[in-house]
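Here's the structure we're looking at; comments come further down.
Here is how names work: the chains are called A, B, and so on, in the same order as the sequence lines, proteins then strands, and each is numbered from 1. Side chains included, hydrogens not; waters and symmetry mates left out as well; all remaining heavy atoms used. This is a predicted model, so every value here is computed, not measured.
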Amino acid sequence: MIPIYPLAMPELAEVEFFRKQWNCGLGQKIGAVRLHPHARLFRGTNAADLEKALAGRKLLRSEARGKQMLFEFSAGGWLGVHLGMTGHLRQERPDFAPGRHDHLALLQKTQTLVFSDARQFGRVRFHHGPSAPDWWTRFPAPLTSSTFTLAVLETFLRRHGGLPIKAALLLQDGFPGVGNWMADEMLWRAGINPHTPSGNVQGLVLRRLWRIIRWVCRHALRVIGKDFSDPPAGWLMNEKWKRHGVCPIHKTRLQKETLRGRTTAWCILCQGTQKANPS
DNA sequence: TACAATGTTTTAAG
DNA sequence: CCTTAAAACATTGT
């Protein structure tokens, strides 16, 4: 059977789904490594070293934090993976021959673990040592953890008080894993206009946003992260990418605008009519 | 053809 | 040093 790999760009839940696509190789040795050594994907790491270091090691475990993934190998090998806009992980047959965009392939006895990324906005890095690399351990706590308190949210939004709330939600330092669809989903559910300065999100509205951030993360992981199911009916995400998307509640056409270079959709009845540069 | 795409990083400016 | 704005990155699909 040939599995079908969804063509979706990865945010929190999608990353978690793709991470699990390599679970079939847990506990197994890497026989050989095939990679494109000069691919942009390997910027900042020595691809030749990576190739030499991983061959013969065993894949032990993996974890996702926000949009980052870390795969641990025996003898202190750590492989960091970011999928960018077009990256994905999948498994192929053991005799797999990498294609043009299959930049990294780990050959195992019963399958090959593949990382593909056409645009190469993604990234692969390798760390050798007894513990996980610094960039990983310094990563902010998950939004679903008890560490992400209302006070943490308030402090972050105040620090970036001049940014439109939509742009602030995309900052990975504050909201690890949140991407374009999740940010719009959260603002729609919270009834906040995407252009609202972050510093103006206060009081009851702030508290509601905090609850919704956690709710959307949990549910996205439960549905999409599990098996890449579509989000339930009633989610804004189902409408956002349609040419004539409508508000799931009012059935009126969504407002669309490029905000800070990112496509943004909102409902003027739920979130108001505010646009960029009011004068 | 020209433009847009669910993401970061760099560079410049305030 | 801090925050913000915009361009750059490379490829594919409409």
[X] [atom1] to [N] [atom2]: how many Å, rounded?
{"X": "A/Arg260", "N": "B/dG7", "atom1": "CZ", "atom2": "C1'", "answer": "17 Å"}
{"X": "A/Met237", "N": "B/dA5", "atom1": "CE", "atom2": "C1'", "answer": "14 Å"}
{"X": "A/Trp181", "N": "B/dG7", "atom1": "CH2", "atom2": "C1'", "answer": "16 Å"}
{"X": "A/Gln172", "N": "B/dT9", "atom1": "CD", "atom2": "C1'", "answer": "13 Å"}
{"X": "A/Leu171", "N": "C/dT3", "atom1": "CG", "atom2": "P", "answer": "10 Å"}
{"X": "A/Phe175", "N": "B/dG7", "atom1": "CZ", "atom2": "C1'", "answer": "17 Å"}
{"X": "A/His38", "N": "C/dA10", "atom1": "NE2", "atom2": "P", "answer": "15 Å"}
{"X": "A/Asp173", "N": "B/dT8", "atom1": "CG", "atom2": "P", "answer": "11 Å"}

Just to confirm, is there a sub-4.0 Å distance from OP1 or OP2 of [N] to any side-chain nitrogen or oxygen of [X]?
{"X": "A/Arg158", "N": "C/dC2", "result": "no"}
{"X": "A/Thr86", "N": "B/dG7", "result": "no"}
{"X": "A/Thr258", "N": "B/dA4", "result": "no"}
{"X": "A/His101", "N": "C/dT12", "result": "yes"}
{"X": "A/Lys240", "N": "B/dT6", "result": "no"}

Checking base pairs now: Watson-Crick or wobble, both atom distances under 3.5 Å. What partners C/dA10?
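Base partner found: none.
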Complementary nucleotide of B/dG14, counting Watson-Crick and G-U pairs under 3.5 Å:
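Pair assignment: B/dG14 / C/dC2.
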If you find the nucleotide of DNA chain B closest to A/Arg43 and the one closest to A/Glu11, which residue's nucleotide is nearer the 5' end?
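On the 5' side of the pair lies A/Glu11.
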ring-ring contact (aromatic ring centres under 6.0 Å, His included) assessment of A/Trp78 paired with A/Phe71
CA-CA 6 Å; A/Trp78 308 83; A/Phe71 294 85; over 10 Å; no
Ignoring hydrogens and geometry beyond distance, is a side-chain donor-acceptor pair present between A/His195 and A/Glu257 at under 3.5 Å?
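Distance-only check passes for A/His195 and A/Glu257.
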Does A/Arg119 contact B/dA5 through a side-chain donor or acceptor facing the base, at a distance under 3.5 Å?
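Under the 3.5 Å cut-off, the side chain and the base do form a donor-acceptor pair.
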Please determine, for the side chain of [X], which listed nucleotide ([options]) has the closest atom?
{"X": "A/His160", "options": "B/dT8, C/dT3, C/dT14", "answer": "C/dT3"}
{"X": "A/Arg262", "options": "C/dC9, C/dT4, B/dT6", "answer": "B/dT6"}
{"X": "A/Arg243", "options": "C/dA5, C/dT14, B/dT6", "answer": "C/dT14"}
{"X": "A/Arg123", "options": "B/dT9, B/dT6, C/dA5", "answer": "B/dT9"}

Does the ring of A/Phe121 lie flat against the base of B/dT8, closer than 5.5 Å centre to centre with planes under 30°?
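A/Phe121 vs B/dT8: stacking no.
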With sugar-phosphate meaning primed atoms plus P, OP1 and OP2, does A/Gly261 contact a base, only sugar-phosphate, or nothing at under 4.0 Å between heavy atoms?
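Nothing: the residue A/Gly261, judged by heavy atoms under 4.0 Å, touches no strand.
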Checking all strands, does A/Arg159 fall into the base, sugar-phosphate, or nothing category for heavy-atom contacts under 4.0 angstrom?
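The residue A/Arg159 makes sugar-phosphate contact but no base contact.
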A/Thr86 side chain to A/Arg119 main-chain N or O, any donor-acceptor pair under 3.5 Å?
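Such a contact is found between A/Thr86 side chain and A/Arg119 backbone.
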Using modelled atom types only, decide if a donor and an acceptor are shared between the side chain of A/Asp117 and the backbone of A/Gly122 within a distance under 3.5 Å.
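Side chain of A/Asp117 to backbone of A/Gly122, a donor-acceptor pair under 3.5 Å: yes, one is there.
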For B/dT6 and C/dT4, measure between their P atoms and round to the nearest Å.
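The same atom, P, in both gives a distance of 22 Å.
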Hey, can you tell me if A/His160 and A/Phe156 have their rings parallel, tilted or perpendicular (30° and 60° cut-offs)?
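A/His160 vs A/Phe156 ring planes: tilted.
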Taking the six-membered ring where the residue is Trp, are the ring centres of A/Trp181 and A/Trp188 under 6.0 Å apart?
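No - the distance between ring centres of A/Trp181 and A/Trp188 does not fall below the 6.0 Å cut-off.
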